[in-house]
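When a residue number appears, it is its place in the shown sequence, counting from 1.
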Amino acid sequence: MKIGLDIMGGDYAPKATVLGAIEAHSQLKNNQHLVLVGDKDQIIPILQDQNFNPDHFEYVHTTEVIGMGEHPTKAIAQKPNASITVGYQLLKEGKLDSFASAGNTGAMLVGAMFSVKAIPGVMRPAIASIAPQLAGGYSILLDVGANADCKPENLLQFGVLGSLYIEHIYGVKNGKVGLMNIGEEEEKGDLLSQATYPIMKDSSLINFIGNIEGRDLFNNTADVIVCDGFTGNVMLKLAESFYVITRKKGFKDEFFDRLNYEEIGGSPILGINAPAVIGHGVSSPKAIKNMVLMSRDMVETNLIEKFKAAFN
């Protein structure tokens, strides 16, 4: 297994990403190899400073970087030797089994759609995130930012993708799928929610339990929480702020600790032809490590083939 990691992506790259790669290395099996994509001249000195043998990694040298503020489509087109562009090309060619980056989120999405592309039958890939549950375990929330505007058919497909992800990554079979709304009643919500409900209700592809509300995000009501990317992104960032607030207020709690983005690592792009994970821009070495392990799990469980079979 070859796990690609963009060393140049993130606010604290390359040091944080290299340190994260070192942490991840200790948790990978002998047949699982990290491939560092980035400026090798910057990578090697950091490894040497840590007294870490550079031979533990493989390298793909690149000379360009897509900045966090750059226009994604233009950057992908105009920077063919950028770490994100090269990483996706290697993923497309099968020279990598997965690719992860804490760099420009838009470029990661554009790169995914232009190179490895969506699985046939998937109208719009989604970015997913996980939400800790009070009774233990996690639920999956999607979309959290790839699709600000959606159609009912998109939300149904998000339910299918989320159900497969939580089954094969977290072992939750026949996961309960809830539609995020402003009330539990079938007729509640905006036009999108009202149109989506009957489609989900009539579908045999998911275990639909109906509408859920914001209060249900952490209470084990649903295993898969479906919404458009605008709503999901607002919810995700609000949830992330809870952990920050607990730190600032000076108290420590196991549940709120699980809201720490470092523990989650990254957000997978679901519905494309290869595993890809987007990390937080402010990713620490710990977050990078967990992003790599998430990539590993997606390859190990053969998740993409499960998606392809579902949409065949």
Side-chain angles (χ1 to χ4, degrees), residues 1-30 32-62 65-68 82-84 86-87 96-105 107-108 127 129-130 132 138 169 236-237 239-241 243-244 246-248 252 254 256-269 275-300:
M1 185 193 302
K2 294 196 174 184
I3 304 167
L5 175 62
D6 172 18
I7 291 299
M8 313 311 292
D11 294 345
Y12 306 116
K15 186 171 183 179
T17 44
V18 172
L19 295 180
I22 293 172
E23 289 189 26
H25 172 76
S26 64
Q27 297 192 31
L28 297 176
K29 299 173 185 175
N30 290 335
Q32 298 169 344
H33 303 286
L34 262 174
V35 180
L36 309 189
V37 183
D39 186 347
K40 191 174 180 181
D41 295 336
Q42 295 188 53
I43 297 170
I44 299 300
I46 300 172
L47 294 175
Q48 291 171 338
D49 286 345
Q50 300 298 313
N51 295 315
F52 187 86
N53 185 354
D55 293 340
H56 286 312
F57 298 137
E58 296 179 38
Y59 305 89
V60 176
H61 181 65
T62 62
V65 178
I66 295 176
M68 295 301 236
S83 51
I84 288 179
V86 171
L96 292 177
D97 295 301
S98 66
F99 180 58
S101 173
N104 186 305
T105 299
M108 281 294 288
I127 303 176
S129 187
I130 56 175
Y138 291 91
I169 300 297
L236 172 64
K237 289 174 180 173
E240 287 179 346
S241 75
Y243 171 76
V244 177
T246 62
R247 300 281 98 177
K248 288 183 176 179
K252 185 174 175 60
E254 181 275 335
F256 288 109
D257 285 348
R258 290 197 289 145
L259 284 168
N260 180 5
Y261 79 93
E262 292 180 310
E263 298 293 340
I264 297 168
S267 298
I269 307 174
V277 179
I278 301 173
H280 210 300
V282 295
S283 286
S284 64
K286 183 178 182 180
I288 297 295
K289 175 201 72 176
N290 285 323
M291 181 172 69
V292 169
L293 298 180
M294 178 183 285
S295 298
R296 185 268 316 272
D297 292 344
M298 291 177 72
V299 179
E300 217 168 27

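Taking 4.5 Å as the limit, every side-chain heavy atom of Asn290 sits out of range of all side-chain heavy atoms of Glu23. Taking 4.5 Å as the limit, every side-chain heavy atom of Phe57 sits out of range of all side-chain heavy atoms of Val35. Proximity of Tyr59 to Pro54: side-chain heavy atoms (C-beta onward) are separated by under 4.5 Å at one or more points. A 4.5 Å side-chain heavy-atom check between Pro268 and Met294 finds at least one atom pair inside the cut-off. Using a 4.5 Å cut-off on side-chain heavy atoms (C-beta onward), Met1 and Lys29 make no contact. Residues Arg247 and Asp257 form a side-chain contact, since some pair of their non-hydrogen atoms from C-beta on lies under 4.5 Å apart. A 4.5 Å side-chain heavy-atom check between Ile44 and Leu47 finds at least one atom pair inside the cut-off. Using a 4.5 Å heavy-atom threshold, the side chains of Ile269 and Val277 count as separate.
Rounding to the nearest 0.5 Å places NZ of Lys289 at 12.5 Å from OG of Ser283. Remark: Ile127 CD1 to Thr105 OG1 distance equals 6.5 Å, nearest 0.5 Å. The line from CD1 of Ile278 to OG of Ser267 is 7.0 Å long, rounded to the nearest 0.5 Å. Taking CE of Met108 as the reference point, atom CD1 of Ile66 lies at 10.0 Å (rounded to 0.5 Å). A distance of 9.0 Å separates CG in Leu34 from OG in Ser295, rounded to the nearest 0.5 Å.
With Asp6 contributing its side chain and Ser101 its backbone, the two residues share no donor-acceptor pair below 3.5 Å. Using a distance-only test at 3.5 Å, with no hydrogens or angles considered, a donor-acceptor pair links the side chain of Asn104 to the main chain of Ala107. Without hydrogens or angle criteria, Asp39 side chain to Met8 main chain gives no donor-acceptor distance under 3.5 Å.
Among all heavy-atom pairs drawn from Ser83 and Phe99, the shortest one is O-CZ, 3.8 Å. Nearest approach of Gly87 to Val37, heavy atoms of both residues: N-CG1, 4.3 Å. Of all heavy-atom pairs between Asn30 and His33, the closest is O-CE1, 3.2 Å. The two atoms that bring Gln27 and Leu293 nearest to each other are OE1-CD1, 3.3 Å, heavy atoms only. Taking all atoms of both residues into account, the shortest heavy-atom contact from Met68 to Gly281 is CE-CA, 3.5 Å. What you find for Leu5 and Ala21 is that their closest heavy atoms are CD2-CB, 3.9 Å.
A cation-pi contact, defined as under 6.0 Å to the ring centre and within 45° of the axis, links Arg258 to Tyr138.
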Stepwise salt bridge (Lys or Arg N to Asp or Glu O under 4.0 Å) check, Lys286 with Glu263: CA-CA 7 Å; Lys286 183 178 182 180; Glu263 298 293 340; 2.5 Å; yes
Given Met291 and His280, is the side-chain contact (heavy atoms from CB on, under 4.5 Å) satisfied, shown in steps? CA-CA 9 Å; Met291 181 172 69; His280 210 300; over 6 Å; no
Under the criterion side-chain contact (heavy atoms from CB on, under 4.5 Å), I'd like the reasoning laid out for Val18 against Ile7: C-alpha separation, chi angles, the key distance, then a yes or no. CA-CA 6 Å; Val18 172; Ile7 291 299; 3.8 Å; yes
Stepwise side-chain contact (heavy atoms from CB on, under 4.5 Å) check, Glu300 with Gln32: CA-CA 10 Å; Glu300 217 168 27; Gln32 298 169 344; 3.0 Å; yes
Show, in sequence, the C-alpha distance, side-chain angles and deciding distance for Asp49 and Lys15, and conclude whether the salt bridge (Lys or Arg N to Asp or Glu O under 4.0 Å) test is met. CA-CA 11 Å; Asp49 286 345; Lys15 186 171 183 179; over 6 Å; no
Please report the C-alpha distance between Gln50 and Ile22 in whole Å, then the side-chain angles of each, then the deciding distance to 0.1 Å, and finally whether the side-chain contact (heavy atoms from CB on, under 4.5 Å) criterion is met. CA-CA 9 Å; Gln50 300 298 313; Ile22 293 172; 3.9 Å; yes
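Between Ile3 and the choices Leu28, Asp97, Leu36, the side chain to side chain contact (heavy atoms under 4.5 Å, CB included) rule is met once, by Leu28.
Between Phe52 and His25, the angle of the ring planes goes over 60°, which puts this pair in the perpendicular group of the 30/60° scheme.
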